[in-house]
Amino acid sequence: MASFVDRVVLHVSGGTGGHGCVSVKREKFKPLGGPDGGNGGNGGDVILRVSAQTTTLLDYHHAPHRHATNGGPGMGDWRGGKNGETLILPVPDGTVVKTKDGEVLADLVGEGTEYIAAAGGQGGLGNASLSSQKRRAPGFALLGIEGESSDVVLELKSIADIALVGFPSAGKSSLIAAMSAARPKIADYPFTTLIPNLGVVQAGEVRFTIADVPGLIEGASEGKGLGHNFLRHVERCAALVHVLDCGTLESDRDPLSDLAIIEAELEKYAVDMSYAGVDGEVVPLNERPKLVVLNKVDLPDGKDMAEFVRPDLEARGYRVFEVSATSHEGLRQLGFAMAEIVKAARDAVQTAPPKVAPPVLRPRAVNESGFKIRREEKNLEPLFRVLGEKPVRWVKQTDFTNEEAIGYLADRLAKLGVETELFKVGAKPGDTVVIGEDDGVVFDWEPTMMAGAELLATPRGTDIRVADIGDRPTRSQKRDEQIERRDAKAAARAELEAERKAGIWTESVSGRRAQAVKESHLDSGDDD
């Protein structure tokens with residue numbers, strides 16, 4: 001099988017950032033010298049880089065999962081963790097990076113061109129970086145964030161100036177072998193060429209590259225033969241050369257019908273937007289400059305056929321060349337004609353100013369909060385989802401086993417305005433709040449009664465507010481307590497009503513008040 005792969009799905013993930021360190025400096029006669037925990041290192045990036053030594057995507061076909069190294073954790077004495085190493089993935093020149101949906105992310109052309117396929121995660125801050133005048137000795141640190149993960153599609157589009165197209169066994173491989181130092185496989189049966197071949201041609205002072213792609217047949221757009229799988233390799237070419245077989249032994253084929261079939265297949269191929277000219281427009285394959293080569297004129301029947309069809313082709317506006325890959329007849333004239341087209345295309349690129357969209361700077365609005373709250377419903381209960389880059393990142397950095405870290409998160413969210421916005425959208429204490437998408441962190445929301453945990457006299461690593469939250473009843477417990485209080489009140493009312501009906505209450509309230517006044521006068525010695 002051919003060891004050539006021009007399309008792979010690559011699964012990449014950046015390294016995870018290292019966790020920050022919680023440490024307190026201790027020296028002789030200084031039992032509490034202050035926090036000295038270092039920051040965690042950042043995770044490594046995954047970068048795609050064009051390399052001249054790479055010509056195929058075969059390595060990524062066999063090993064499609066690539067992961068950069070993680071960052072090291074922070075350490076005491078203000079020592080930061082080691083950053084993860086960047087993973088460089090070499091790709092061939094002309095590789096297009098796309099999403100699975102077909103969106104073009106990058107077009108890698110030119111030696112050394114790079115694209116960050118997955119960024120590494122940010123390292124967590126140590127308690128030394130979190131200390132302030134109010135929070136002098138934090139008992140917590142921030143966690144490192146996971147690196148980006150993505151699935152990208154790599155498509156290789158050969159960098160060539162001229163493309164040879166035609167039916168199988170038309171002599172394309174023989175032609176590129178005769179005009180350059182390339183040595184593609186050549187045999188006397190169809191579909192000998194299974195992979196694109198490149199060759200470098202020198203014509204006078206112009207040096208250019210020609211590409212030979214597997215042959216097309218009628219119905220290639222519908223998947224017959226090798227289909228359109230390899231036509232992406234001619235999308236970057238400035239011109240096409242139709243190689244017509246004048247010495248074919250098949251009775252139902254002739255150069256004119258072959259040309260019509262190939263032109264129809266090229267018209268059905270849609271060039272994507274991954275390659276465009278300097279004006280930002282994409283020229284379809286069938287509208288690019290073309291040359292027609294009548295090959296195999298060294299054969300007697302081939303010479304006669306070429307002389308028969310040449311007037312008709314020239315009448316259609318084609319430049320026609322009679323050549324023989326075996327005897328090299330007409331190859332010099334063909335090479336100079338190709339060089340003329342290539343030079344004109346290169347001059348057009350150099351003279352035409354590139355079409356660059358002016359940059360648009362969009363500063364953040366004054367009233368933009370940096371997050372949004374979406375009201376949802378789950379199990380007939382209200383649910384409020386907080387979305388935003390900062391809240392989601394802060395949750396990922398929080399160590400939920402540390403009460404002080406949870407309190408620090410609550411202070412950050414309150415300062416950002418999350419609690420105020422929750423009140424505005426109708427959230428009530430005890431409602432479910434989720435920060436992030438489907439895999440977000442779920443809370444039973446309890447409004448912060450007092451902020452500034454750094455002002456509270458609590459041991460390091462604890463937060464009195466979190467302890468209070470742990471003692472608060474849940475919604476179901478509150479509901480049960482309310483039912484119990486309601487039942488107790490109803491029982492008390494029934495008992496009082498039963499006593500009244502039994503005649504225990506015989507005196508009115510006014511009578512009891514009059515008797516009390518009389519007794520008070522007797523006690524004071526007033527006979528009246």
Side-chain angles (χ1 to χ4, degrees), residues 162-180 182 184-193 197 199 201 203 210-221 224-226 230-231 234 237 239-268 285-341:
I162 301 293
L164 306 181
V165 295
F167 262 69
S169 299
K172 301 184 298 298
S173 299
S174 301
L175 192 62
I176 194 174
M179 298 184 66
S180 67
K185 181 180 180 180
I186 300 174
D188 58 352
Y189 53 84
F191 298 112
T192 307
T193 302
N197 297 306
V201 180
I210 57 178
D212 164 32
V213 297
L216 296 173
I217 62 174
E218 185 176 6
S221 59
K224 295 183 179 179
L226 294 179
F230 292 102
L231 275 184
V234 305
C237 298
L240 302 180
V241 175
H242 287 279
V243 180
L244 304 180
D245 186 1
C246 290
T248 179
L249 300 179
E250 300 179 23
S251 58
D252 58 342
R253 283 182 51 195
D254 61 82
L256 296 179
S257 62
D258 289 354
L259 179 62
I261 293 173
I262 298 302
E263 287 280 9
E265 295 300 327
L266 292 177
E267 185 175 359
K268 296 177 183 178
L285 295 182
N286 59 335
E287 296 182 9
R288 300 186 185 183
K290 304 183 193 67
L291 300 177
V292 174
V293 172
L294 300 176
N295 195 19
K296 303 181 182 180
V297 296
D298 55 311
L299 302 176
D301 294 340
K303 185 67 173 178
D304 295 340
M305 179 63 74
E307 294 177 354
F308 177 75
V309 300
R310 178 166 187 161
D312 194 353
L313 295 172
E314 291 178 344
R316 300 181 186 181
Y318 292 105
R319 294 181 61 183
V320 183
F321 296 86
E322 299 180 9
V323 303
S324 171
T326 303
S327 63
H328 292 200
E329 178 183 348
L331 296 185
R332 179 178 176 82
Q333 293 81 354
L334 176 60
F336 279 101
M338 293 179 179
E340 180 182 347
I341 296 177

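What you see is a predicted model, and the numbers here were worked out from it, not measured in a lab.
- The two residues Ala325 and Ala178 come nearest to each other via the heavy atoms O-CB, 3.7 Å.
- Take Leu299 and apply the side-chain contact (heavy atoms from CB on, under 4.5 Å) test, not counting sequence neighbours, and it matches Lys296.
- The structure places CD1 of Ile176 at 4.0 Å from CD1 of Ile210, a figure rounded to the nearest 0.5 Å.
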Per-pair distances, 0.1 Å, donor-acceptor, side chain in residues 327-334, under 3.5 Å, sequence neighbours excluded:
residue : atom : partner : partner atom : Å
Ser327  : OG   : Ser324  : OG           : 3.0

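- Among all heavy-atom pairs drawn from Arg319 and Ala337, the shortest one is NH2-CB, 3.7 Å.
- Judged as a salt bridge (charged side-chain N to carboxylate O under 4.0 Å, His left out), and not counting sequence neighbours, Asp304 has no contacts.
- A salt bridge does not link Arg316 with Glu263: none of the charged nitrogens is closer than 4.0 Å to a carboxylate oxygen.
- Scanning both residues, Ile162 and Cys237, for their nearest heavy atoms gives C-SG, 3.9 Å.
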> Yes or no on side-chain contact (heavy atoms from CB on, under 4.5 Å) for Val241 and Met338, after CA distance, side-chain angles and deciding distance?
Replying inline: CA-CA 9 Å; Val241 175; Met338 293 179 179; 3.8 Å; yes
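- When each of Leu256, Leu259, Asp254 is paired with Val309, the side-chain contact (heavy atoms from CB on, under 4.5 Å) condition holds for Leu256 and for no other.
- Between Met179 and Val201, the shortest heavy-atom contact is O-CG2, 3.7 Å.
- In this structure, Glu322 and Glu307 approach most closely via the heavy-atom pair OE2-N, 4.3 Å.
- Shown here for Ile341 and Pro289, the closest heavy-atom pair between the two residues is CG2-CB, 4.2 Å.
- Atom CZ of residue Phe321 and atom CZ of residue Arg310 lie 8.0 Å apart, to the nearest 0.5 angstrom.
- Put simply, the side chain of Arg288 never gets that close to the backbone of Leu240: no donor and acceptor are under 3.5 Å apart.
- Here CG of Asp312 is found 10.5 Å from OH of Tyr318. Values are rounded to the nearest 0.5 Å.
- In this structure, OG1 in Thr326 is found 7.5 Å from CG in Asn295, a value given to the nearest 0.5 Å.
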